[in-house]
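Working notes for the structure below.
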Amino acid sequence: MLFDIDKDKRPYEIERVRTKLINTGMKLGLNHPITIKISQDLDKLLNEYSANKGSKSFYN
């Protein structure tokens, strides 16, 4: 498990990392290694959330 957080707090963590990704991308550029790392972290977090949630959408 990449992020060991309470299941109820996962959507908030996803939004926090998503906001960080947007801000970093705007500041450093989309191809910067830090931006790419944050994007990969967000992907892992979303995949983990999706696997635990089943077929339900993130926004449902």
Side-chain angles (χ1 to χ4, degrees):
M1 182 179 288
L2 178 66
F3 296 93
D4 190 25
I5 56 176
D6 185 351
K7 287 182 182 182
D8 293 336
K9 294 180 182 176
R10 284 186 184 149
Y12 300 107
E13 180 66 7
I14 289 169
E15 285 302 312
R16 186 189 70 76
V17 176
R18 186 184 67 81
T19 300
K20 182 178 179 181
L21 173 62
I22 291 168
N23 292 336
T24 303
M26 290 176 64
K27 182 177 179 182
L28 300 177
L30 297 179
N31 292 322
H32 193 280
I34 293 173
T35 306
I36 293 169
K37 172 69 171 118
I38 296 168
S39 177
Q40 292 169 342
D41 289 345
L42 179 59
D43 287 344
K44 290 175 187 174
L45 187 59
L46 286 167
N47 289 337
E48 182 180 295
Y49 183 80
S50 178
N52 291 330
K53 196 85 163 145
S55 63
K56 291 185 179 179
S57 169
F58 170 70
Y59 294 101
N60 286 340

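Both backbone and side-chain heavy atoms feed into the values below; hydrogens, waters and symmetry mates do not. Quick note: residue numbers are just sequence positions, from 1.
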Euclidean distance, [Y] [atom2] relative to [X] [atom1], rounded to 0.5 Å:
X: Leu42; Y: Ile38; atom1: CG; atom2: CD1; value: 9.5 Å
X: Leu46; Y: Glu13; atom1: CG; atom2: CD; value: 11.0 Å
X: Gln40; Y: Lys44; atom1: CD; atom2: NZ; value: 6.5 Å
X: Leu45; Y: Ser50; atom1: CG; atom2: OG; value: 11.0 Å

Between Leu21 and Ile36, is there shared hydrophobic-cluster membership here, with clusters defined by ILVMFWY side-chain heavy atoms closer than 4.5 Å? no
Under 6.0 Å from the CG atom of Leu28, do we count more than 12 heavy atoms belonging to anything else shown? yes
Applying side chain to side chain donor-acceptor pair (under 3.5 Å), name anything that partners Lys37, two or more places apart in sequence or on another chain. Asp41
Is the shortest side-chain N to carboxylate O distance from Glu15 to Arg18 below 4.0 Å? yes
Can you tell me if Thr35 uses its side chain to pair, donor with acceptor, with the backbone of Gly29 under 3.5 Å? yes
Residue pairs passing the side-chain hydrogen bond (donor to acceptor under 3.5 Å, both in side chains) test with at least one member in residues 19-32, sequence neighbours excluded, are none
